[in-house]
Undergrad: 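Dumping the structure here so I can ask a few things about it.
Letters go in sequence order (proteins before strands), and every chain restarts at 1.
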2 protein chains.
Amino acid sequence: MDNTARKPTLKDVAALSGVSVISASRVMRDAPNISHQLRQKVEQAAVAIGYQRNRIAGSLRGKTTDLIAVIVPSMSNDVFPNIVDGIDDALKGSSLRLVLGMTKYDDTSEEAILRDMLTWNPAGVILSGLEHSDNTKEMLADFSGPIVQVMDIDGDAIDMAVGISMQEAGVLIAQHLFARGYRRIGYVGAWGERPTRSLKRRLAFEAELARLGAPIIASVILDQASSMQGGADGLKQLLARNLGIDAVFFANDDLAMGALFYCQTHGISVPHDLALAGYNGLEICHSITPHLTTIATPRYEMGHLAGTLIRNQRNGAASPAQKTIRMAQNLIVGGTT
Amino acid sequence: MDNTARKPTLKDVAALSGVSVISASRVMRDAPNISHQLRQKVEQAAVAIGYQRNRIAGSLRGKTTDLIAVIVPSMSNDVFPNIVDGIDDALKGSSLRLVLGMTKYDDTSEEAILRDMLTWNPAGVILSGLEHSDNTKEMLADFSGPIVQVMDIDGDAIDMAVGISMQEAGVLIAQHLFARGYRRIGYVGAWGERPTRSLKRRLAFEAELARLGAPIIASVILDQASSMQGGADGLKQLLARNLGIDAVFFANDDLAMGALFYCQTHGISVPHDLALAGYNGLEICHSITPHLTTIATPRYEMGHLAGTLIRNQRNGAASPAQKTIRMAQNLIVGGTT
DNA sequence: AACTATATTGGTAACGTTGTCATTTATAAT
DNA sequence: ATTATAAATGACAACGTTACCAATATAGTT
């Protein structure tokens, strides 16, 4: 349409409605102590000339923006889209908006993204996991707004943390497999275990198995991204070693599903010949037959809570007494173990 | 750490390095024609006092931010996370950053999000689909930056469009099912067909079937979100009508997978008793046995191209001659048809 | 040496809003 | 009617940067 014309500003609204600029400003942002009369005049004028607020200008004066920096590893992933969905829903109805960056599980990249995002003076920062580079930690320490680390709570939070215990997850699965009578247990991971969360899970898993007297037999950590194909490949590698493995814990459901399909097409009876367990509790676990044994993680809920925490502090609420919030994860026993 | 101290500004950097503010500014944003000497002095000073750019201030002067508004229906979804991943990758290395909003397939919500995002003066807008409310269209028309509509190209683009032909998809599947000999064909959709893309697919599918002389027998459009469970439910409803249906096209792979699992556990032989086809080409289609017949869509690539188009225009490139870019989608014939 | 073109630096004035303080007007209390 | 108090409005400056234009230094030409 009319791209040449200058965008209307508060000045224009003020001029048209015959009030001062600052009064127009007050109306536009619902400040207190405005007469009904004035409000009407201004609103009418604003609509008439199609006035749109300029948050940039407002933020410059106000020191901080309504942007929330959200840094996650990737979107092509089982868990982070749900988290982001949760965050966005929690922000709904507020003036806060989410700015997204993806690290691809790379610390240097995380650092660069955070550095860039901080130049926007965000109202808060949400990032995943508790492990970060020194530079990242330093930047966060200098940041004055609320910070929420999601997913992981096994470690020290910089400000707030919302997550599940990876430690607990590993123990849960180890105990379950042991209780079921499996004694020759293996593990398959991916991403070269760069997400330290899966590493924490595996270590706890191994420690618990050892404690129970059935130490882990073998592990395969794929370097590639997690995928169903990877799960099949990992399992194949594990079985090729002929160690008599009777159960395998996978770093996530994708890998486990791929392995399950592999078994189904290669005459390996699950769980009779081999038991399988995954992690995350994706819908497909309960849709397939047999149902996949897994641990359901509250992904959406973690995101939602993280968003809510930021939002509350934005609204002047004190930082919560409980800075680290542990969410529940549930072992879902399917027919694969 | 030290939250009380005022953040260092360009003025501080300039003072310390003994140059003018504007020169310091030039160094910080890599402007041309800077002597090595000056650059060194300024960079050194910036590091020394821990200077961080304030993009807000810069954007106010510069009229537009380095933010790209991205509006999608949802993240808990098969397609949009991949698109967002593609966009982000395309933006990597530039100063552009992605601001995300989710509509939940609601036009009013889309409108509100866009209105809000425009107050940040974004450098570009990416949104999904070609159908929008009048208000949304009006706001976009008034927006002076590049706009890319992703996913769909069957219709008129506001500025640029990157997508696949839903029309073509419907025809492809219809022809495939017909060629395979199926004549009593049904359809299952979800979300109350609010994503008009699935509607377009179905209409083209039905039209082609009619043209071929095997008009569609029945359809079920679920109101709920798309899910595997939904696919099973939809199929169940369809079969309950006892219409002798021999093939079903599903709005997406999730639904189709759910239906496939349902068949497998209810003694329905696929494809002998019933053929199934999905849409999207998720990895699971080729992992499961039988492989699911589907259409592979270039989700990541669409996002990447959308991001690249915005980025190019940001860099001063002329708007491309071809404003609507049709991407390829491939029928992948599995064992379910 | 005089002159032109180019590279480098600086000064000033916005950008559009809102925090702070001042002023006016309305309302309540004597 | 008068004073005290609160509500409503306004003026001004400042937020930190960069666009624009001017000035100076340097290199290249004849």
Side-chain angles (χ1 to χ4, degrees), chain A residues 5-43 45-46 49-67 95 116 118-123 144 316, chain B residues 5-43 45-46 49-67 95 116 118-123 144 316:
Chain A
R6 193 178 49 79
K7 261 197 194 170
T9 72
L10 272 181
K11 213 165 148 186
D12 302 319
V13 176
L16 180 58
S17 51
V19 305
S20 70
V21 173
I22 185 66
S23 288
S25 168
R26 291 206 181 93
V27 171
M28 297 320 288
R29 63 195 145 103
D30 282 315
N33 297 342
I34 303 281
S35 72
H36 182 66
Q37 215 176 353
L38 183 89
R39 153 157 279 124
Q40 281 233 310
K41 272 193 296 188
V42 172
E43 279 175 347
I49 61 177
Y51 170 74
Q52 279 194 174
R53 273 177 88 173
N54 180 334
R55 314 280 288 280
I56 300 296
S59 302
L60 178 57
R61 194 66 177 88
K63 288 299 186 195
T64 165
T65 61
D66 278 342
L67 299 171
S95 55
D116 179 83
L118 289 179
T119 64
W120 292 108
N121 284 354
S144 54
Chain B
R6 194 176 49 78
K7 261 197 194 170
T9 71
L10 271 182
K11 213 163 149 187
D12 303 319
V13 176
L16 180 59
S17 52
V19 305
S20 68
V21 173
I22 184 67
S23 288
S25 167
R26 289 206 183 94
V27 171
M28 297 320 290
R29 64 195 144 102
D30 281 315
N33 298 341
I34 304 280
S35 72
H36 183 67
Q37 215 177 353
L38 183 90
R39 152 156 280 124
Q40 282 233 309
K41 272 192 294 188
V42 172
E43 279 175 347
I49 61 177
Y51 171 75
Q52 278 195 174
R53 273 177 87 175
N54 180 334
R55 314 281 288 280
I56 300 296
S59 301
L60 177 56
R61 192 64 178 89
K63 288 300 188 194
T64 164
T65 60
D66 278 342
L67 300 170
S95 55
D116 180 82
L118 288 179
T119 65
W120 292 108
N121 284 354
S144 55

Undergrad: By the 4.0 Å heavy-atom rule, please label A/S25 as base, sugar-phosphate, or nothing.
TA: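 It contacts base atoms.
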
Undergrad: If I take atom CZ in residue B/R53 and atom P in nucleotide D/dG16, what distance separates them, rounded to the nearest angstrom?
TA: 15 Å

Undergrad: Start at the 5' end of DNA chain C and walk down; is the nucleotide closest to B/L38 or to B/L60 reached first?
TA: B/L38

Undergrad: Of the listed nucleotides (D/dC21, C/dT17, D/dT17), which one gets closest to any side-chain atom of B/R26?
TA: D/dC21

Undergrad: Is there a side-chain contact between B/V27 and B/V19 in this structure, where contact means two heavy atoms from C-beta onward sitting under 4.5 Å apart?
TA: no

Undergrad: Does the pair B/L67 and A/L67 meet the rule for a side-chain contact (heavy atoms from CB on, under 4.5 Å), with working shown?
TA: CA-CA 11 Å; B/L67 300 170; A/L67 299 171; 4.0 Å; yes

Undergrad: For B/R39 and B/G62, find the nucleotide of DNA chain C closest to each by heavy atoms; which residue's nucleotide sits nearer the 5' end?
TA: B/R39

Undergrad: Can a side chain N or O of B/S20 be found less than 4.0 Å away from OP1 or OP2 on C/dG10?
TA: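 Yes, B/S20 has a side-chain N/O under 4.0 Å of OP1/OP2 on C/dG10.
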
Undergrad: Can you see if the side chain of B/R29 gets near the phosphate of D/dT17 - specifically, an N or O under 4.0 Å from OP1 or OP2?
TA: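 No.
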
Undergrad: May I have the distance from A/I49 (atom CD1) to C/dG16 (atom P), rounded to whole angstrom?
TA: 13 Å

Undergrad: It should be established whether B/N33 places a side-chain nitrogen or oxygen under 4.0 Å from OP1 or OP2 of nucleotide C/dA7.
TA: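 No, B/N33 has no side-chain N/O under 4.0 Å of OP1/OP2 on C/dA7.
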
Undergrad: Tell me whether B/S17 contacts the main-chain N or O of B/K41 through its side chain, where contact means a donor paired with an acceptor under 3.5 Å.
TA: no

Undergrad: Let's test your reading of the model: under 3.5 Å, does the base of D/dG16 pair with the side chain of B/R55 as donor and acceptor?
TA: no

Undergrad: Looking at A/T119 and B/R55, would you say the former's side chain and the latter's main chain have a donor-acceptor pair under 3.5 Å?
TA: no

Undergrad: C/dT8, OP1 or OP2 - any side-chain N/O from B/S23 closer than 4.0 Å?
TA: no

Undergrad: Flag the pair A/D12 and A/K7 as a salt bridge only when some basic side-chain nitrogen lies within less than 4.0 angstrom of an acidic carboxylate oxygen.
TA: no

Undergrad: Rounding to a whole Å, what distance do you find between A/W120:CH2 and D/dG16:P?
TA: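 These atoms are roughly 16 Å apart.
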
Undergrad: Would you indicate, yes or no, if D/dT17 has its OP1 or OP2 atom less than 4.0 angstrom from a side-chain nitrogen or oxygen of B/S59?
TA: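 It does not, given that no N or O in the side chain of B/S59 lies less than 4.0 Å from OP1 or OP2 of D/dT17.
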
Undergrad: Rounded to the Å, how far apart are B/D66 CG and D/dT17 P?
TA: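 Value for this atom pair: 15 Å.
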
Undergrad: Tell me: CD1 of B/I34 to C1' of D/dT26, nearest whole Å?
TA: 16 Å

Undergrad: Starting from C1' on C/dT18, measure out to NZ on A/K11 and report it in whole angstrom.
TA: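 Distance, rounded to whole Å: 15 Å.
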
Undergrad: Which part of the nucleic acid, if any, lies within contact of A/N54, taking any heavy atom under 4.0 Å across all strands shown: a base, the sugar-phosphate backbone alone, or nothing?
TA: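 If one applies the 4.0 Å heavy-atom cut-off, A/N54 turns out to touch the sugar-phosphate alone, with no base involved.
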
Undergrad: Would you indicate, yes or no, if D/dC20 has its OP1 or OP2 atom less than 4.0 angstrom from a side-chain nitrogen or oxygen of B/R61?
TA: no

Undergrad: Between atom CD1 in A/I56 and atom P in D/dT18, what is the gap in whole Å?
TA: 13 Å

Undergrad: Of all the nucleotides listed (C/dG11, D/dT17, C/dT18), which has the minimum atom distance to the side chain of B/I22?
TA: C/dG11

Undergrad: Find the distance between CD1 (A/I56) and CH2 (A/W120) and round it off to the nearest 0.5 Å.
TA: 6.0 Å

Undergrad: Within this structure, what is the NE2-to-P distance between B/H36 and C/dT9, rounded to whole angstrom?
TA: 12 Å

